[in-house]
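Structure first, then comments.
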Amino acid sequence: VYQKLNYYITMDRALIADLAEVAKDEALLQGVLMRIQEASNSSELVTYAPFTLFPTPVPKAVFLQALAVQTHYNTLVDRISQDPDFLQEALASTIEVDDFTARLFRIHQQILKEGRAQSIVLGLNRSDYMLDQAKDGSVSLKQVEINTIAASFGGLSSRTADVHRHVLKVAGKLEESRRILDNDPASGLARAVAKAWELYGSHRAAVMFLVEESQRNIFDQRYIESHLWKRNIPTIRKRFDNVSKTGSLDQDKKLFVDGREVAVVYFRNGYMPQNYVSEQTWDARLLMERSVAVKCPDISTHLAGTKKVQQVLARPGVLERFFPDQPGVVEQIRATFAGPLHSRHEGDKTVAMALAAPDQFVLKPQREGGGNNIYGAEICRVLQAAEGSSERTAYILMDKIQPAAVQNYLLRRDGPLEISNCLSELGVFGTYVRHGKDMVMNECAGHLLRTKSSEHSDGGVAAGVAVLDNPLLV
Ligand SMILES: Nc1ncnc2c1ncn2[C@@H]1O[C@H](COP(=O)(O)OP(=O)(O)O)[C@@H](O)[C@H]1O
Ligand SMILES: *[C@@H]1O[C@H](CO)[C@@H](O)[C@H](O)[C@H]1NC(C)=O
Ligand SMILES: *[C@@H]1O[C@H](CO)[C@@H](O)[C@H](O)[C@H]1NC(C)=O
Ligand SMILES: [Mg+2]
């Protein structure tokens, strides 16, 4: 199937160059935008967010499988977040060696001790997959990770379908252009935020986007803000230090920042150690967690999204704990796990396996944000260096997913126009609002396809490695 759809491989150079210009202009027209690196806090200079010239063929059955399993993942993460014993057990060994996770966990424990102030929970997540290709050519959906905090590109990916449709039409591929699905995660994400805001129940209170220092990807977030303003829901953008300086709780634990009551805190920051530059930053996180503002995610859901939890879920019997009477759901979720995820902690057998065939594995530290994973010979070096020390429990070892490479052109500012062997990663957005015991919303909000050159084993769009793409269903 892939080869048949690689029609553009035969297109001549002049046509490709023309199409690339058309594609970039269309991306600008559609608002697939990013600020430029050199001026990340000003919209005076913007460019198109990097994207592929052509959409990537994805088998329809596997795509639909990813959409179908999403609401179960929503339920799973939510149940984990409400199971303190499970979180404690799952993270115990990580906390011993990983300061960052330990600090998050301490906030979690303090909140549990005080009692959660807010019973409304808002989840905006993205579950990421790659399509593993077996030796017989069959393709299966394998989960890379689940993101419960700051999952990005829901905004921009709402605008890329039209860009690829346009390119295909200009290339004379009308039939193919019809195989690109509509996709609008931005409105789905906004719908969930709006629901949480309504349940909070104060018209003057704002949705606060907690944003990074460098705001290169601001347009991705602006789409969601725009949707909220259309519903007459006020939004504000604040950094950690704005919250440190001007944030406070009143006697009812209502959160005020810069004089404004905050109904929902939407974290687009706070998932990496580097985001916490000082003790004041940690204090600000704690302040927000203690408040009655709805947190997206709250601290327990943040922890439920850690890689360690992903690993523990892959152990026999663990999914059953969360779906005791639903073997069908367990099976559906387990089908997307990429082989047993091993912990260095779990004995030398798995390590021996990795040392013997490092190219079959990915070694992951307990980190988010791209560029942290370890591959190939480096795996041996790291595992051997950590031999016998507790540091090894800071890593999880995962079977490497082996997708088929597809050729494409990656369009990025200042990048050369050349054909690359590419690998893709499919993300599916899940949204979820719970009020006490009532699940008031649990939806699949759309998808994201990211594609990178196969030379890079790691890294996302923000890291400058992957680019935005669309699935072309086959
Ligand atoms: N099991 C795997 N097999 C193949 N590639 C992987 C695997 N796990 C991660 N990767 C690659 O590494 C990248 C980053 O890993 P990920 O688990 O998503 O961590 P992060 O939180 O940094 O995004 C992924 O986008 C993917 O390209
Ligand atoms: C997203 O987060 C919410 C809680 O914030 C969680 O309940 C939900 O299961 C998550 N969904 C996915 C797909 O991770
Ligand atoms: C937030 O803090 C930054 C400094 O990090 C400051 O420049 C900015 O004016 C503050 N913004 C608001 C709206 O308070
Ligand atoms: Mg990732």
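Just follow the structure's listing: the first ligand is 1, and inside any ligand the first atom is 1. In this text the structure is predicted, and so the values were computed from the model without any measurement.
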> Would Asp128 and Arg126 count as a salt bridge (charged side-chain N to carboxylate O under 4.0 Å, His left out) if you check the C-alpha gap in whole Å, the side-chain angles of each, and the deciding distance to 0.1 Å?
Replying inline: CA-CA 6 Å; Asp128 291 336; Arg126 208 187 62 219; 2.9 Å; yes

Check ligand 1 against the protein and report each N/O to N/O distance under 3.5 Å, formatted as atom name, atom name, distance.
from: ligand 1; atom 1: 1 (N); to: Asp399; atom 2: O; distance (Å): 3.0
from: ligand 1; atom 1: 3 (N); to: Ile401; atom 2: N; distance (Å): 2.8
from: ligand 1; atom 1: 8 (N); to: Lys364; atom 2: NZ; distance (Å): 3.1
from: ligand 1; atom 1: 12 (O); to: Asn373; atom 2: ND2; distance (Å): 3.3
from: ligand 1; atom 1: 12 (O); to: Tyr375; atom 2: OH; distance (Å): 2.9
from: ligand 1; atom 1: 15 (O); to: Asn373; atom 2: ND2; distance (Å): 2.9
from: ligand 1; atom 1: 17 (O); to: Lys364; atom 2: NZ; distance (Å): 2.6
from: ligand 1; atom 1: 18 (O); to: Glu145; atom 2: OE2; distance (Å): 2.9
from: ligand 1; atom 1: 19 (O); to: Lys307; atom 2: NZ; distance (Å): 3.4
from: ligand 1; atom 1: 21 (O); to: Glu145; atom 2: OE1; distance (Å): 3.1
from: ligand 1; atom 1: 21 (O); to: Glu145; atom 2: OE2; distance (Å): 3.3
from: ligand 1; atom 1: 21 (O); to: Lys307; atom 2: NZ; distance (Å): 2.7
from: ligand 1; atom 1: 21 (O); to: Glu368; atom 2: OE1; distance (Å): 3.1
from: ligand 1; atom 1: 21 (O); to: Gly369; atom 2: N; distance (Å): 3.4
from: ligand 1; atom 1: 22 (O); to: Gly369; atom 2: N; distance (Å): 3.4
from: ligand 1; atom 1: 22 (O); to: Gly370; atom 2: N; distance (Å): 2.5
from: ligand 1; atom 1: 23 (O); to: Glu145; atom 2: OE2; distance (Å): 3.0
from: ligand 1; atom 1: 25 (O); to: Glu425; atom 2: OE1; distance (Å): 2.5
from: ligand 1; atom 1: 25 (O); to: Glu425; atom 2: OE2; distance (Å): 3.3
from: ligand 1; atom 1: 27 (O); to: Glu425; atom 2: OE1; distance (Å): 3.4
from: ligand 1; atom 1: 27 (O); to: Lys452; atom 2: NZ; distance (Å): 2.5

Could you go through ligand 3 and list every pair where one of its N or O atoms sits under 3.5 Å from a protein N or O, giving the atom names and the distance to one decimal?
from: ligand 3; atom 1: 2 (O); to: Asn242; atom 2: ND2; distance (Å): 2.2
from: ligand 3; atom 1: 5 (O); to: Arg239; atom 2: NH1; distance (Å): 3.3
from: ligand 3; atom 1: 5 (O); to: Asp241; atom 2: OD1; distance (Å): 3.2
from: ligand 3; atom 1: 5 (O); to: Asp241; atom 2: OD2; distance (Å): 2.6
from: ligand 3; atom 1: 11 (N); to: Asn242; atom 2: ND2; distance (Å): 3.1
from: ligand 3; atom 1: 14 (O); to: Asn242; atom 2: ND2; distance (Å): 3.3

> Ser424 and Asp469: which non-hydrogen atoms are nearest, and at how many Å?
Replying inline: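 Taking Ser424 first and Asp469 second, the nearest heavy atoms are OG-OD2, 4.2 Å.
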
> Aromatic rings His164 and Phe51: how do their planes relate, parallel, tilted or perpendicular, breaks at 30° and 60°?
Replying inline: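 Answer is tilted, since the angle falls between 30° and 60°.
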
>> Below 30° counts as parallel, above 60° as perpendicular, anything between as tilted: where do the rings of Trp197 and His203 land?
In response: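 Perpendicular, since the angle between the ring planes exceeds 60°.
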
>> Are Phe63 and His447, when compared by the centres of their aromatic rings, separated by less than 6.0 Å?
In response: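 Here the rings of His447 and Phe63 have centres that are less than 6.0 Å from each other.
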
>> Check for me whether the distance between the ring centres of Phe267 and Phe209 falls short of 6.0 Å.
In response: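 Distance test on ring centres: not under 6.0 Å, no.
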
> Going by atom types alone, do Asp78 and Gln82 pair a side-chain donor with an acceptor below 3.5 Å?
Replying inline: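 Judged by distance alone, the side chains do pair up.
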
> Looking at Glu145, which of its N, O or S atoms is the nearest one to the Mg ion (ligand 4)?
Replying inline: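 Result for Glu145 and the Mg ion (ligand 4): OE2.
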
>> Any side-chain to backbone donor/acceptor pair from Ser226 onto Arg222? Under 3.5 Å, distance only.
In response: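 Checked: pair present.
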
> Can you check whether Ala151's main-chain N or O pairs, donor with acceptor, with Asn147's side chain at less than 3.5 Å?
Replying inline: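 No; zero donor-acceptor contacts below 3.5 Å.
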
>> Test side chain to side chain contact (heavy atoms under 4.5 Å, CB included) on Thr246 and Phe256; report intermediate values, then the result.
In response: CA-CA 8 Å; Thr246 69; Phe256 288 82; over 6 Å; no

